[in-house]
Amino acid sequence: MPTSSAGSRGRKRSEKIVEVPQTDAFGHKQPQQLDFEEAVLGALLIEQDAYSQVSSFLKPDMFYDHRHQLIYEAVQSLSVNQRPVDVLTVPQYMESQGTLEEAGGAYYVAKLAQDVITSAHIEYQAKIILQKYQARQLITYASRLIHDAFDETTDVADLMNFAEGHLFELTQQTQTKSYSQINPVITQAIEQIKLAAQNEGGLSGLPSGFEKVDKMTNGWQKSDLIIIAARPAMGKTAFVLSMVKNMAVDQRIPVAMFSLEMSNVQLVNRLIQNVCDIKGDKIKSGQLEKYEWEQLDNRVNQLIDAPVFVDDTPSLSIFELRTKARRLVREHGVKMIMIDYLQLMNASGMSFGNRQEEVSTISRNLKALAKELNIPIIALSQLNRATENREGSQGKRPQLSDLRESGAIEQDADMVCFIHRPEYYKLPEENGVDMRGKAELIIAKHRSGAVGTAVLRFHADYARFENLNAANSIPVPGEQTFMSSIDQAQIDAIHAEAGSLNLNLPPMDNDVPF
């Protein structure tokens, strides 16, 4: 039996190959269907258009007989180069490649064509070949797993990642999706338009809770992969936690968050900080004032029973994420998944030439997962250091080329957003606008809409983003409010004047309200 190319790519810890015999201890033969292989090749030789029916899923190494692999490779090469495929051109091509005699010669190729009358059943026969190939692959992987599982030096976690990665790779290689006639798709699109019309504000997707962002995006759309990227300290995690609060706490929309950087408790502490208006350092130290304890008791109830599902598995693999995400959608009706952050994920069990290839695989499979589950997936991402080296206010603004480690992230994403805070770079103004306590969400790529910038208020002390015109907003440092502009002398003067007019004003103090 030929060695599987997928299996050879997966050998990460050692180069040993476990040979799978033609028959096992119980007399089982390797799964194969040679008569179907002959029928498929014969059909390809007599019907010019037959190759287009099987090319999307049938590959040379799926044939069991090595001769058939070589013949199908020749058919594939001729078809790709738009050259005729028949009993004359195939042997001629194989002879030029030095593989004709190894494949049984011109006589064997001609015999394959003579034994077939029609190509009518080629797709069905090719799928049987595919199934036999999958069965052989599973036997190969299982043999490797059994062999390594008996090895006491084997790391079981590595072995499980190997199994999961190769099983995923096998399913991805053979997945196909049939086409759809446009009529039912039109009906589905009209239904979505009607649903959007019924929603307040006309949003067709999930509301983020940020008015300007929702206006630009029409809400986070189903099956979209959204990348939110920024340099460290810009507030990526604070932004998604603010959305968790807006969506799951305020609107009871089920969301899941996979935190690869913070523990569950750290993440929930940030959420408490957001909801309860208590500074992060006080939550860490527990040194709360009396009014803050009351504030905590009163407001933390908002988080109780909120449909928020948090997973803090470190170094999460894309395959583990798929399994967990499916369960969350199936069992809890999760409508959105957030990942903090993409570069901390891995694709264990698969081998890559470099980290860029691995990140490309992760981003591609995140997009596939969003389509499969039909929900938006938001993945946070790091930017490279290019912004730090550029000068001026415009130079500090992130660009698509700043995405770290892989250009495939930009390619796979339906939307790429950047978080930018000029104040962080000691640039309190931008284009004449006071940017103290403010942040920009820059939509740099939008596959189904416009690009642009939404300005939000940012409270660093409370790890919170909110609308600029949010009610009961807490002033940020640098903002001048009516109360902060009145000193104690003015307060005393107001009370003295009120006393002379016999007005009963309530006492005014500097206690922070809760």
Side-chain angles (χ1 to χ4, degrees), residues 208-210 212-213 216-217 220 224-248 255-264 266-274 280 308 310-312 314-316 321 336-345 359 362-363 366 376-388 396-406 409-410 412-425 435 437-445 453-467:
S208 68
F210 301 118
K212 290 186 178 179
V213 175
M216 294 169 65
T217 63
W220 304 125
D224 273 7
L225 173 62
I226 301 119
I227 300 295
I228 297 178
R231 288 292 296 152
M234 288 292 111
K236 295 187 299 295
T237 306
F239 180 78
V240 294
L241 284 175
S242 296
M243 280 203 299
V244 168
K245 191 265 183 186
N246 294 342
M247 298 172 70
V255 299
M257 186 160 183
F258 290 86
S259 176
L260 286 77
E261 193 171 32
M262 294 183 181
S263 70
N264 283 345
Q266 288 175 316
L267 207 63
V268 171
N269 278 343
R270 292 281 295 271
L271 201 51
I272 290 172
Q273 188 180 340
N274 183 309
V308 180
V310 183
D311 186 303
D312 63 353
S315 192
L316 183 71
L321 175 68
M336 174 179 276
I337 289 174
M338 306 179 189
I339 302 164
D340 184 13
Y341 59 91
L342 188 150
Q343 278 84 4
L344 292 179
M345 294 186 70
V359 172
I362 292 167
S363 66
L366 283 177
I377 292 180
I378 292 182
L380 302 186
S381 177
Q382 290 278 23
L383 295 178
N384 59 38
R385 299 178 185 274
T387 55
E388 310 297 333
K396 298 301 182 186
R397 292 175 67 83
Q399 305 168 7
L400 287 171
S401 58
D402 297 331
L403 281 170
R404 183 176 168 186
E405 288 190 313
S406 177
I409 296 176
E410 176 190 345
D412 296 325
D414 296 281
M415 191 181 300
V416 178
C417 305
F418 299 117
I419 297 174
H420 176 51
R421 292 197 297 116
E423 184 181 24
Y424 177 81
Y425 295 106
M435 294 303 295
K438 297 175 185 175
E440 295 177 323
L441 184 79
I442 304 167
I443 300 178
K445 175 189 176 182
T453 300
V455 179
L456 304 171
R457 188 176 301 282
F458 176 66
H459 296 284
D461 288 341
Y462 307 106
R464 185 170 72 228
F465 284 78
E466 61 186 20
N467 294 308

**Report entry** Residue pair Met216 / Thr453: nearest heavy atoms and the distance that separates them
**Finding:** CE-N, 3.5 Å

Query raised in the report: Side chains of Arg464 and Gln273: closer than 4.5 Å at any heavy-atom pair?
Result: no

Query raised in the report: Minimum heavy-atom separation for Lys236 to Ala229, with atom names?
Result: CD-C, 4.2 Å

Requested in this report: Can you measure from CE (Met345) to OG (Ser363) and round to the nearest 0.5 angstrom?
Outcome: 10.5 Å

Query raised in the report: So do the side chains of Leu342 and Leu366 get within less than 4.5 Å of each other, counting heavy atoms only?
Result: yes

Report summary line: Between Ser381 and Tyr341 the two heavy atoms that sit nearest each other are N-CB, 4.3 Å

Query raised in the report: Counting distance only, does the side-chain N/O of Lys445 pair as donor-acceptor with the main-chain N or O of Leu400 below 3.5 Å?
Result: no

Query raised in the report: Can you name the closest pair of heavy atoms from Ala238 and Ala463 and give their distance?
Result: CB-O, 3.6 Å

**Report entry** Check: Val455 main-chain N/O paired with Lys438 side-chain donor or acceptor under 3.5 Å
**Finding:** no

Query raised in the report: Do Pro398 and Arg231 come close enough that some side-chain heavy atom pair is under 4.5 Å?
Result: no

Query raised in the report: Any donor-acceptor pair under 3.5 Å linking the side chain of Asp312 with the backbone of Asn264?
Result: yes

Query raised in the report: Would you say the side chain of Glu440 lies within less than 4.5 Å of the side chain of Met435, judging by non-hydrogen atoms?
Result: yes

Query raised in the report: Can you tell me if Glu466 uses its side chain to pair, donor with acceptor, with the backbone of Arg457 under 3.5 Å?
Result: no

Report summary line: Rounded to the nearest 0.5 Å, the CZ atom of Phe258 sits from the CD1 atom of Ile377 at a distance of 9.0 Å

Requested in this report: State whether a side-chain donor-acceptor pair under 3.5 Å links Asn246 with Ser208.
Outcome: no

Query raised in the report: Would you say Gln382 and Pro232 make side-chain contact, with heavy atoms under 4.5 Å?
Result: yes

Report summary line: Between the CG atom in Leu225 and the CE atom in Met415, the distance rounded to the nearest 0.5 Å is 10.5 Å

Requested in this report: Could you check whether the rings of Phe465 and Phe458 sit parallel, tilted or perpendicular, using 30° and 60° as the cut-offs?
Outcome: tilted

Requested in this report: Given side chain to side chain contact (heavy atoms under 4.5 Å, CB included), test Val268 with Val308 step by step and report yes or no.
Outcome: CA-CA 10 Å; Val268 171; Val308 180; over 6 Å; no

**Report entry** Single hit among Asp224, Ile227, Ile337, Ile228 for side-chain contact (heavy atoms from CB on, under 4.5 Å) with Ile378
**Finding:** Ile228

Query raised in the report: Taking side chain as C-beta onward, heavy atoms only, is Gln343 less than 4.5 Å from Ile409?
Result: yes

Query raised in the report: To the nearest 0.5 Å, how far apart are CD in Glu261 and CG in Leu380?
Result: 9.0 Å

Query raised in the report: Can you name the nearest heavy-atom pair linking Gly209 to Asn467, along with the distance?
Result: O-ND2, 3.2 Å

Requested in this report: Rounded to the nearest 0.5 Å, what's the gap from CD1 on Ile362 to CG on Asp412? Could you check?
Outcome: 11.5 Å

Query - Approximate separation, where rounding is to 0.5 Å, of Leu344 CG and Ser259 OG - result: 9.0 Å

Query raised in the report: How about Ile339 and Leu321: do any of their side-chain heavy atoms sit closer than 4.5 Å?
Result: yes

Report task. Using a 4.5 Å cut-off on heavy atoms from C-beta on, say whether the side chain of Phe418 contacts that of Met234. Result -> no

Query raised in the report: Taking all non-hydrogen atoms of both residues, which atom of Val244 and which atom of Met257 are closest, and how far apart?
Result: CG2-SD, 4.4 Å

